[in-house]
Protein chains: 2
Amino acid sequence: MRDLPVVGTPPAERADAAHNRRRIVRAAAELIATRGPEAVSMDEVARAAGVGVGTVYRRFGDRARLVYAVIDDREREFQTAFIHGPPPLGPGSPAPDRLRAFLHALADRTDAQADLLFMAESGPSDARFRDGSYGLYHRHVAMLLAQVRPGADTAYLADALLAPFAANLFLFQRRTRGMTLDRVKTGLDALADALIVRTL
Amino acid sequence: MRDLPVVGTPPAERADAAHNRRRIVRAAAELIATRGPEAVSMDEVARAAGVGVGTVYRRFGDRARLVYAVIDDREREFQTAFIHGPPPLGPGSPAPDRLRAFLHALADRTDAQADLLFMAESGPSDARFRDGSYGLYHRHVAMLLAQVRPGADTAYLADALLAPFAANLFLFQRRTRGMTLDRVKTGLDALADALIVRTL
DNA sequence: AGATTAACTGGAGAACTCTCCGGATACAAC
DNA sequence: GTTGTATCCGGAGAGTTCTCCAGTTAATCT
């Protein structure tokens with residue numbers, strides 16, 4: 001993602017800046033892994049990365065975006081699994097199967113990264129939708145829905161299908177309501193099945 | 001932490017405390033109405049209410065809960081409309097109609113209070129599900145779903161149907177994606193219709 | 001190489017949320 | 001009334017997030 005001539009050339013990051021960006025993400029990831037997501041402050045990340053706190057903010061804008069950068073780094077492989085990987089997640093299976101497989105996989109990763117996601121989604125920011133991999137998931141689900149429910153407003157329905165993965169709801173269901181991960185998946189299946197047009 | 005008779009009687013708030021609670025909510029509501037939700041600090045609310053900031057926190061715990069108190073105050077009438085009010089929102093209509101009416105009404109109030117809700121939902125807290133009127137909405141939707149989709153996991157599906165009303169998603173759809181309120185409602189209808197078991 | 005300049009750096013500081021606890025006060029019991 | 005005490009009050013302060021800008025540096029042009 002650098003000097004692609006496509007359209008509107010994003011100003012191109014200077015080498016030292018790119019270097020610092022990597023150092024910051026790495027430092028943040030390490031601190032978070034060690035001490036838990038909510039125990040690390042931006043000051044600490046900056047110090048651990050050997051830069052000033054101003055630099056962290058210049059690179060990432062706000063706390064949420066930094067955390068999303070860490071998350072994206074972690075789940076790069078998941079992101080390609082459903083695009084290029086083997087069926088039923090990747091291409092090759094019928095759309096209904098892929099949709100179910102995707103929702104299950106997303107439930108698994110949400111469960112695994114719940115605390116991190118929760119932290120990232122906190123704070124007054126669009127970051128979840130703008131920054132993270134939400135856009136990718138949204139396009140994927142919309143594409144599958146288009147095959148499964150032709151003519152529907154797939155852009156809206158994709159948002160609606162992804163909405164239950166909001167970390168605060170997910171954590172509330174799991175921890176406070178005491179729902180098991182399997183129960184969540186079953187519920188998602190019910191939702192997805194309802195959306196699949198059955199040929200009568 | 002006391003010698004209370006087992007389970008009931010929440011310690012009963014002292015008169016001055018109850019008085020201050022009202023003053024705080026009123027002051028907060030007024031400030032928010034005047035200057036917008038995110039322009040008011042807890043310090044200001046405290047000063048406007050004529051109490052110390054410690055009192056605000058003692059009464060409400062955190063910022064999110066205070067904002068929810070303001071919101072609840074505002075929509076008390078909506079909350080009873082779908083319980084005791086006239087059809088199709090209130091009792092008297094068939095469940096599918098009531099469900100659709102409820103979703104439409106909730107879309108309207110979410111749209112109207114979006115900024116306030118967005119502020120309340122920001123911050124690392126369960127407040128949305130614990131404090132606000134979410135519990136009420138959840139029970140209502142689950143009750144309607146039980147009639148419309150017997151045997152399903154209505155507790156889960158109710159969460160899923162309410163998930164698209166998260167203020168951050170809602171605002172993102174309306175402002176960034178540029179969806180109209182009607183389009184959102186139509187999408188919600190599609191979702192609800194899919195969940196309604198059709199008698200063939 | 002030297003000059004030019006747009007982009008980057010770092011830390012002081014503004015603004016905010018929330019905690020803590022000594023002192024004040026409402027209510028109950030006598 | 002007086003006394004006892006559980007509850008409440010308020011504001012100083014700790015710990016954050018994020019802003020701002022004077023000074024520095026990497027990349028480009030001649």
Side-chain angles (χ1 to χ4, degrees), chain A residues 2-3 9-25 27-28 31-32 35-70 119-127 131, chain B residues 1-5 9-24 27-28 31-32 35-70 119-127 131:
Chain A
R2 284 289 301 292
D3 46 47
T9 343
E13 198 168 68
R14 234 166 66 173
D16 53 344
H19 179 243
N20 277 340
R21 150 170 281 130
R22 267 174 305 225
R23 289 191 21 114
I24 292 167
V25 172
L31 278 177
I32 286 171
R35 312 219 315 266
E38 66 218 36
V40 327
S41 72
M42 299 297 265
D43 260 332
E44 279 177 311
V45 171
R47 211 171 324 126
V51 303
V53 70
T55 301
V56 178
Y57 279 94
R58 162 167 276 267
R59 284 278 84 75
F60 294 95
D62 63 23
R63 181 191 181 75
R65 301 243 270 285
L66 171 57
V67 179
Y68 273 116
V70 173
M119 151 121 302
E121 291 173 17
S122 300
S125 162
D126 280 25
D131 246 61
Chain B
M1 308 71 198
R2 287 273 303 290
D3 47 285
L4 297 176
T9 3
E13 201 167 67
R14 234 166 67 174
D16 52 344
H19 179 242
N20 277 341
R21 151 172 280 130
R22 268 175 305 233
R23 290 190 20 116
I24 292 166
L31 277 177
I32 287 171
R35 312 218 316 264
E38 67 217 35
V40 327
S41 73
M42 298 301 262
D43 260 333
E44 279 178 312
V45 171
R47 211 173 321 125
V51 302
V53 71
T55 301
V56 177
Y57 278 93
R58 163 168 275 268
R59 285 277 83 76
F60 294 95
D62 63 21
R63 181 191 181 78
R65 301 244 270 287
L66 171 58
V67 180
Y68 273 117
V70 173
M119 151 122 303
E121 290 172 20
S122 299
S125 162
D126 279 25
D131 247 61

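In what follows, chains carry the letters A, B, and so on, assigned in the order in which the sequence lines appear, proteins first and then strands, with residues in each chain numbered from 1. Note that these values count all heavy atoms, side chains included, but never hydrogens, waters or copies made by symmetry. Small disclaimer: the values here were computed from a predicted structure and weren't measured.
Residues A:Asp62 and A:Ser125 form a side-chain contact, since some pair of their non-hydrogen atoms from C-beta on lies under 4.5 Å apart. Taking the side chain as every heavy atom from C-beta outward, A:Ile32 and A:Met119 never approach each other to under 4.5 Å. At a threshold of 4.5 Å between non-hydrogen side-chain atoms, the residues A:Val51 and A:Arg59 do not count as touching. Side-chain contact check for B:Glu121 versus B:Tyr68: some heavy-atom pair is nearer than 4.5 Å.
For the pair B:Leu31 CG and C:dC16 P, the interatomic distance rounds to 13 Å; values are reported in whole Å. Protein atom CE of B:Met119 is 12 Å distant from nucleotide atom P of C:dC16, rounded to whole Å. Between the CZ atom of B:Arg58 and the P atom of D:dC9 there is a distance of 7 Å, given to the nearest Å. Summarising the geometry, the separation between CG on A:Leu66 and C1' on D:dT17 is reported as 13 Å, rounded to the nearest angstrom. The nearest whole Å value for the distance from the CG atom in A:Asp43 to the P atom in C:dA12 is 11 Å. Distance CD (A:Glu38) to P (C:dC18): 14 Å, rounded to an integer number of Å. Note: CZ (B:Arg21) to P (D:dG10) measures 15 Å, nearest angstrom. For the pair B:Tyr57 OH and D:dG15 C1', the computed distance is 13 Å after rounding to whole Å.
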Distances under 3.5 Å between protein N/O atoms and the N/O atoms of nucleotides 26-28 of chain C, please, pair by pair.
from   : atom 1 : to      : atom 2 : distance (Å)
C:dC27 : OP1    : B:Ala15 : N      : 3.1

What nitrogen or oxygen pairs link the protein and nucleotides 28-30 of chain D at under 3.5 Å?
none

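End-to-end axis angle of the helix from C:dA1-D:dT30 to C:dC30-D:dG1, using five pairs per end and rounding to 10°, comes to 20°.
Listed by chain and number, the residues in a salt bridge (charged side-chain N to carboxylate O under 4.0 Å, His left out) with B:Arg23 amount to none (sequence neighbours excluded). In this structure A:Glu44 satisfies the salt bridge (charged side-chain N to carboxylate O under 4.0 Å, His left out) test together with A:Arg35, sequence neighbours excluded. Evaluation of the salt bridge (charged side-chain N to carboxylate O under 4.0 Å, His left out) rule for B:Arg14 yields B:Asp16 as partners, not counting sequence neighbours.
Toward the 5' end of DNA chain C, the nearer of the two residues B:Val40 and A:Gly52, judged by each one's closest nucleotide, is A:Gly52. Two residues, A:Arg59 and A:Val53, neighbour DNA chain C, and the one matched to the more 5' nucleotide by heavy-atom proximity is A:Arg59.
Of all heavy-atom pairs spanning A:Val45 and A:Ala28, the tightest one is CG1-CB, 4.0 Å. The minimum heavy-atom distance between A:Arg63 and A:Val40, with the atom names listed, is NH2-O, 3.2 Å. Counting all heavy atoms, side chain and backbone alike, A:Ala69 lies closest to A:Val25 at CB-CG2, 4.2 Å. The shortest heavy-atom contact between B:Ala120 and B:Val67 is CB-CG1, 3.6 Å. Annotation for B:Phe60 and B:Ile24: closest pair CE1-CG2, 3.6 Å, computed over non-hydrogen atoms.
Here A:Asn20 reaches the OP1 or OP2 of C:dT9: one of its side-chain N or O atoms lies under 4.0 Å away. Taking 4.0 angstrom as the limit, A:Thr55 places none of its side-chain polar atoms (N or O) nearer than this to OP1 or OP2 of C:dC8.
When each of C:dT17, D:dG10, D:dC18 is scored by its nearest atom to the side-chain atoms of B:Ser41, the top-ranked nucleotide is C:dT17.
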